[in-house]
Number of protein chains: 2
Amino acid sequence: MKDNPAGQTRIQRHKIATITDAALDVFSTHGFRGSTVDQIAKAAELSKPNLLYYFPSKEAIHTHLLDNLLDIWVDPLRQLDPEGDPLEEILTYVRRKLAMSRDMPRESRLFANEVLQGAQHIGDSLSNFLKPLVDEKAAVIQLWMDQGALKPSDPRHLIFSIWSLTQHYADFDVQVRAVLGPEVEDPFPEAEDYLITLFSRQLKV
Amino acid sequence: MKDNPAGQTRIQRHKIATITDAALDVFSTHGFRGSTVDQIAKAAELSKPNLLYYFPSKEAIHTHLLDNLLDIWVDPLRQLDPEGDPLEEILTYVRRKLAMSRDMPRESRLFANEVLQGAQHIGDSLSNFLKPLVDEKAAVIQLWMDQGALKPSDPRHLIFSIWSLTQHYADFDVQVRAVLGPEVEDPFPEAEDYLITLFSRQLKV
DNA sequence: GAACATTTTGACCAATCGGTCAAAGCGAGG
DNA sequence: CCTCGCTTTGACCGATTGGTCAAAATGTTC
């Protein structure tokens with residue numbers, strides 16, 4: 001029963017991971033207020049008091065999820081390399097973000113729920129953490145445009161449009177599938193084709 | 001105290017409109033399960049039993065809102081004119097949708113909340129009502145592309161991208177403002193510039 | 001197997017939820 | 001004035017909510 005550097009036993013880490021995963025299921029589907037501790041406990045196959053032995057409150061679980069998410073979520077943007085080929089860097093960013101919508105739709109919806117309802121839990125992070133990163137990368141893109149490596153357009157709205165378009169396929173999955181109909185089994189390949197074309201025409205000199 | 005054709009007195013219509021507006025405030029901010037009847041009643045300056053005198057239940061208010069919304073929401077798409085100038089028709093559609101995000105952000109968020117959480121209340125409408133309309137308009141756009149009036153790209157994903165990009169400025173308003181910072185008072189003019197450029201480059205032959 | 005810390009649980013609590021109901025308030029017509 | 005139908009309300013209900021607690025179960029260590 002040794003403590004590791006983080007002060008958690010193996011069992012604790014495993015249970016916390018299980019709870020975190022179950023909570024992601026529930027919160028992303030019903031939003032914070034729409035989710036109940038009982039739902040999460042059931043999804044994690046734990047009793048409610050047992051769950052609250054590992055997390056002090058429902059809000060603590062939610063905060064824990066969001067805190068860990070923000071880093072992962074902006075990672076593709078952080079990887080945008082000022083030294084790389086401008087167009088290829090941005091198209092790679094688009095591909096990475098779309099892959100995240102495909103592979104992490106729950107995280108996308110959790111984030112969407114939070115921002116949609118006013119970002120009350122992560123509002124400060126948006127200003128203190130996300131804004132500086134966007135400013136930095138927008139400056140890089142602006143430089144590329146000034147150098148004539150990309151067609152000019154507002155770099156910050158370019159980033160917004162990448163977020164919006166890629167996350168749409170996770171957050172509005174139900175609508176996308178309803179409109180495309182059952183004959184389209186997987187919308188993501190055609191979505192990638194469309195988005196790569198769109199941003200190529202928008203940026204390629 | 002005469003009944004009008006809809007079976008409502010003037011007073012009833014006025015109260016129902018007040019409740020509807022208050023409910024739109026509350027539901028769009030907190031989602032369905034996150035909203036309480038007391039909140040809506042307070043926002044409408046009514047007692048809870050009084051509110052439930054006009055609507056039989058919380059769900060009835062929500063359904064009433066969504067039913068009336070869907071028609072309004074897809075109206076700009078319905079106005080897309082097969083006889084008009086292809087590029088100008090689509091750019092007009094973009095402008096109309098963006099104006100709706102600016103002027104009806106609550107409606108946009110109500111819709112986003114609903115779809116994000118699985119579209120349980122309007123799922124059928126998406127398949128039976130929205131899909132046929134998109135199919136019809138996508139065929140028009142496809143024809144334009146086949147005639148060489150627009151650059152080719154998937155028409156249905158083109159429509160998705162218009163929805164996604166325009167609604168982003170309503171649904172993720174908090175994030176947009178946090179990233180742009182307080183020096184940008186109104187993001188919509190620069191958003192319109194960006195989107196018109198984007199879709200022009202995407203479609204203009 | 002005794003002693004100890006950790007984990008799990010059933011029972012319970014106060015607060016809040018959506019919704020009901022009988023009674024009171026109210027304006028218009030006679 | 002009285003009556004009649006529409007509107008409004010305080011009090012209340014059972015169900016569900018997030019969270020507590022003492023006790024039991026389950027390791028772990030010697």
Side-chain angles (χ1 to χ4, degrees), chain A residues 1-27 29-66 113-114 117 120-121, chain B residues 1-27 29-66 113-114 117 120-121:
Chain A
M1 196 75 60
K2 285 181 189 166
D3 282 13
N4 64 22
Q8 293 178 351
T9 66
R10 251 161 284 146
I11 292 177
Q12 282 175 333
R13 233 181 308 149
H14 176 255
K15 290 273 168 138
I16 286 175
T18 305
I19 294 170
T20 295
D21 188 70
L24 181 57
D25 261 356
V26 176
F27 281 137
T29 309
H30 303 101
F32 178 73
R33 287 210 52 186
S35 305
T36 71
V37 178
D38 278 301
Q39 277 180 304
I40 301 170
K42 196 169 199 175
E45 294 180 313
L46 258 55
S47 67
K48 184 169 63 170
N50 197 186
L51 186 152
L52 290 166
Y53 170 76
Y54 290 101
F55 285 93
S57 70
K58 175 185 170 183
E59 185 140 25
I61 310 174
H62 192 244
T63 302
H64 181 253
L65 275 174
L66 283 176
N113 263 303
E114 168 67 10
Q117 303 191 359
Q120 297 184 347
H121 302 91
Chain B
M1 198 73 64
K2 286 180 186 165
D3 282 14
N4 65 21
Q8 293 178 350
T9 67
R10 252 162 282 146
I11 293 177
Q12 282 176 333
R13 232 181 309 147
H14 175 255
K15 292 272 170 143
I16 286 175
T18 305
I19 294 170
T20 295
D21 187 69
L24 181 56
D25 262 357
V26 176
F27 281 138
T29 309
H30 302 102
F32 178 74
R33 287 210 49 187
S35 306
T36 72
V37 178
D38 278 299
Q39 277 180 303
I40 301 170
K42 196 168 200 174
E45 294 180 312
L46 259 56
S47 66
K48 185 168 63 170
N50 196 187
L51 187 151
L52 290 167
Y53 170 76
Y54 290 100
F55 284 92
S57 70
K58 175 186 171 184
E59 185 141 25
I61 311 175
H62 192 243
T63 302
H64 179 253
L65 276 174
L66 282 176
N113 263 303
E114 168 67 11
Q117 302 190 1
Q120 297 183 350
H121 303 91

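Treat the numbers as computed from the prediction; the structure is a model and nothing was measured.
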**Study point:** Atom-pair distance (CG on B:Asp38; C1' on D:dT16), nearest Å
**Key:** 15 Å
Review point. Rounded to the Å, how far apart are A:Gln39 CD and D:dT16 P?
Key: 12 Å
Point to revise | A:Thr36 side chain, from C-beta outward: closest of C:dT8, D:dG18, C:dG18 | key: D:dG18
Practice item. Specify the residues of residues 48-61 of chain A, ordered by number, for which at least one heavy atom lies under 4.0 angstrom from an atom of DNA chain D. Key: A:Lys48, A:Pro49, A:Leu52, A:Ser57, A:Lys58
Check your understanding: Given atom CD1 of B:Ile16 and atom P of D:dT8, what is their separation to the nearest angstrom?
Key -> 11 Å
Check your understanding: What heavy-atom pair brings B:Gln117 and A:Thr29 nearest, and what distance separates the two atoms?
Key -> CB-O, 3.4 Å
Review point. Taking atom C1' of C:dT9 as reference, at what distance in whole Å does atom NZ of A:Lys15 sit?
Key: 12 Å
Review point. Once the angle between the rings of A:His62 and A:His121 is folded into 0 to 90°, is it parallel (under 30°), tilted (30 to 60°) or perpendicular (over 60°)?
Key: perpendicular
Could you list the donor-acceptor pairs under 3.5 angstrom formed by side chains in residues 42-53 of chain A, with sequence neighbours left out?
from: A:Ser47; atom 1: OG; to: A:Asn50; atom 2: N; distance (Å): 3.3

**Study point:** Distance under 6.0 Å and angle within 45° of ring axis: A:Lys58 vs A:Phe32
**Key:** yes
Review point. Tell me: NE2 of B:His30 to C1' of C:dG18, nearest whole Å?
Key: 18 Å
Study note, to complete from the structure: When rounded to whole Å, the NZ to C1' distance for the pair B:Lys42 and C:dC17 reads 16 Å
Exercise for review: Write down the distance between CD1 (A:Ile40) and P (D:dG18), rounded to a whole number of angstrom.
Suggested key: 8 Å
Practice item. Among A:Asn113, A:Ile61, A:Leu66, find the residue that satisfies the side chain to side chain contact (heavy atoms under 4.5 Å, CB included) test when tested with A:Phe27. Key: A:Ile61
